[in-house]
Structures are given as structure tokens and as C-alpha cells.
Amino acid sequence: SISRYTTTYIPTLMSPTHLHTLHTVQRIPATILVSITMFLVGVASALDLDVLVNQDSVWGYAMILCGCLLVFLVLRLNPFKFRRQFFNDYGVGDWSLPLVWVFIIMLIAPIEGVGMIMWWIVEEVYTKPGTWWQLTRDSLAMVLTQWSVVALVVLALNWFMKPLSIGPPRNVRLRRLIGFFIRYKEPVRHGEEERKEGKVEEEEEEGKVEEEEHGGIGLVELSTQNPSILVVNSVHESEV
């Protein structure tokens, strides 16, 4: 039983922790934050069976919604690109996704996901005609309400965390507090890398032009910072 709980809870803990580290949150604070959050969320279900039944009903049906969101993610990234870059070109000697998978993910999977959700809604309405719209323990209205609240919270956190990943806030105390959790990165401006590469190429072209105009002298002057090139150039001049 110990191994069963270990193999279940460690991936459950490390998956959101790794997701936080990808969004500039440091690993140790992310682990502490995720552990405390999981404990606080599970306390109510452990103390009251009605809460456990409610959460099992709400997030049991949410697995269908999560599957639909994953299908939407693949469709947003382009199924052909997803199949090629993340599977067929990623592994060596591994099983590759056939072309028919694109047809399944573009047509069959969305129809199945939407069909299952609609089937569940219609069944709840017909089997519970007097209670499906009330906020009871496992009613349809309760499920949709909790889904909506969680979606709003996630969108709000995304709106709040996005500017923090770009740079620290101006307030010193707030910057110190958030700096314990956030690992700031210097923002990369659009086109900055291209401008740097273009500048280097221009300098190299100017050096070649100067070399052609002044011959060996220009070659020696451009190579003063690199002794190995200077020696080669001096030998070449002596031979000439």
C-alpha cells in the first residue's frame, strides 16, 4: 500500500511543481506552495463525506472537459506540426503516429468530447427534473458553478503572473516578497537578437573591405586581439 500511495502522490505533487518552475517560480518555494495547497484543498473532503462526494462528482466529469481542452490544444498548435515535431521526429526507433491520427484528432475526438458532455447534461436534466438547477451536493448547477469559478481564478492568476514573469515590480517591498518565489528573467525585446546579428555581420563585412583595400597591413591590424591569427599573418607576409 505504501508503494501505491507513493507512485500516486509523488507525480501528483511534482507535476504542478514542474509547471511552476517553467513559469519562473523557483523549485523549493514551488514545492512548498503546491504541498500546502494540496493539503488545504483535501482537508474538507477528509472531514466531511458530503464534500468528498461533491468533489468526486464535480472533478470526475471534469476529466471529459480536460480531454476536450487537450484536443483543443493540439488543434491550436496544428495537428500535422504536433504529430511531426512532438512524436515522429522526437523519438528514435519509437512508435510513430500514423497519418490517420490527424483525422481522429481533428474530427472524431472533438465530436466524442462534445457529445459526451451534451449526453451528460441531457441525462442530468431528465433524471433530476426538480433539482438539476439547484446548488445541491451533486447537481448539474453545482458542477457548472465550480467549473466557472475555477476557470475565472485560473484566468485571473494568469493575468496576474504574466507581467511578473517579464520583470520585477517597482515597489521594493513587493519586489522582495515576490522575489522569494519568482526567478526573474531579462525581457527579450522583439527583434533585438536580429539587430545584434546584423550588427556583427556588418562589422565582419567592414573588416573584409578594409583587408581588401590595405592588403596584409589591414589583415594584421584587424588581428591584433588574436595572437594566433597575427602569427599566421606575419608568416604569410614574410613568405610574400
Please report the closest heavy-atom contact between [X] and [Y], naming both atoms and the distance.
X    : Y    : value
W101 : R83  : CZ3-CB, 3.8 Å
V58  : W147 : O-NE1, 3.2 Å
N54  : Q146 : OD1-NE2, 2.9 Å
Y61  : E124 : OH-OE2, 4.0 Å

Does [X] reach the side chain of [Y], with side-chain heavy atoms less than 4.5 Å apart?
X    : Y    : value
T136 : M142 : no
I64  : W120 : no
W132 : T127 : no

Next on the checklist: Quick one: does any side-chain atom of T131 pair with a main-chain N or O of Q134 as donor and acceptor, under 3.5 Å?
Outcome noted: no
Look at the side-chain heavy atoms of Ile, Leu, Val, Met, Phe, Trp and Tyr, link any pair under 4.5 Å apart, and say whether [X] and [Y] land in one connected group.
X    : Y    : answer
V122 : I111 : no
I105 : I117 : no
L99  : F103 : no
V150 : L144 : yes

Next on the checklist: Measuring from atom CG of L135 to atom CH2 of W133, what distance do you get when rounded to the nearest 0.5 angstrom?
Outcome noted: 9.5 Å
Checklist entry - Any salt bridge (Lys or Arg N to Asp or Glu O under 4.0 Å) pairs touching residues 39-55, not counting sequence neighbours? => result D50-R137
Checklist entry - Would F87 and F82 satisfy side-chain contact (heavy atoms from CB on, under 4.5 Å), going step by step from the backbone distance to the final call? => result CA-CA 7 Å; F87 281 92; F82 187 88; 3.4 Å; yes
Acceptor/donor pairs from residues 68-81 side chains to any protein atom, 3.5 angstrom cut, sequence neighbours excluded:
from : atom 1 : to  : atom 2 : distance (Å)
N78  : OD1    : F80 : N      : 3.0

Item to check | Stepwise side-chain contact (heavy atoms from CB on, under 4.5 Å) test for E112 and I104 | outcome: CA-CA 10 Å; E112 288 181 345; I104 295 174; over 6 Å; no
For residues 28-43, which side-chain donor-acceptor pairs fall under 3.5 Å, sequence neighbours excluded?
from : atom 1 : to  : atom 2 : distance (Å)
T31  : OG1    : R27 : O      : 2.9
S35  : OG     : T31 : O      : 2.7
T37  : OG1    : L33 : O      : 2.7

